[in-house]
Amino acid sequence: DASYIRLKTISLSYKLPDHILNTVECSIILRGQNLFTITGYDGFDPESGYINTIPPLSVMTTGIQLNF
């Protein structure tokens with residue numbers, strides 16, 4: 001049984017209130033890809049169907065966006 005649940009992509013953003021930085025608009029960004037997989041499959045990656053296939057890498061990206 002190669003059924004699975006995978007959190008593929010998530011993106012979060014937070015805009016700082018205007019009174020903190022009067023002249024600049026600032027947002028903090030956090031993105032994630034392939035964060036976790038829930039499965040009973042014995043191999044590495046249930047999506048590929050092969051036991052020895054390497055699963056997709058987990059990637060976390062952070063950033064700050066400034067608008068003047």
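On a predicted model such as this, the values are computed, not experimentally measured, just so you know.
Shortest non-hydrogen contact noted between Phe44 and Thr53 is CB-O, 3.1 Å. Of all heavy-atom pairs spanning Asn34 and Leu57, the tightest one is ND2-O, 3.3 Å.
Under the side chain to side chain contact (heavy atoms under 4.5 Å, CB included) criterion, Ile64 pairs with Cys26, Leu66, sequence neighbours left out. Thr23 meets the side-chain hydrogen bond (donor to acceptor under 3.5 Å, both in side chains) test with no other residue; sequence neighbours excluded. In this view, Asn22 satisfies the side chain to side chain contact (heavy atoms under 4.5 Å, CB included) rule with no residue, not counting sequence neighbours. Under the rule for a side-chain hydrogen bond (donor to acceptor under 3.5 Å, both in side chains), Gln33 has no partner lying at least two apart in sequence or in another chain. Scanning for salt bridge (Lys or Arg N to Asp or Glu O under 4.0 Å) contacts around Arg6 gives Asp45, Glu47, with sequence neighbours left out. By the side chain to side chain contact (heavy atoms under 4.5 Å, CB included) test, Thr39 is found to be paired with Tyr4, Thr37, Tyr41, Pro46, residues two or more places apart in sequence or in another chain being considered.
Enclosure of atom CG in Asn67 by more than 12 non-hydrogen atoms of other residues, nucleotides or ligands within 6.0 angstrom is indicated. In the displayed structure, Ile20 atom CD1 is contacted under 6.0 Å by more than 12 heavy atoms of other residues, nucleotides or ligands.
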Problem - Audit row: Arg31, Val59, side-chain contact (heavy atoms from CB on, under 4.5 Å) steps and yes/no - result: CA-CA 8 Å; Arg31 292 187 180 115; Val59 178; over 6 Å; no
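A distance of 11.5 Å separates CD1 of Ile28 from CD of Gln65, quoted to the nearest 0.5 Å. Taking CG of Leu7 as the start and OG1 of Thr9 as the end, the distance is 7.5 Å to the nearest 0.5 Å.
Hydrophobic clustering (ILVMFWY, side-chain heavy atoms < 4.5 Å, transitive): Leu30 and Ile10 are in one cluster.
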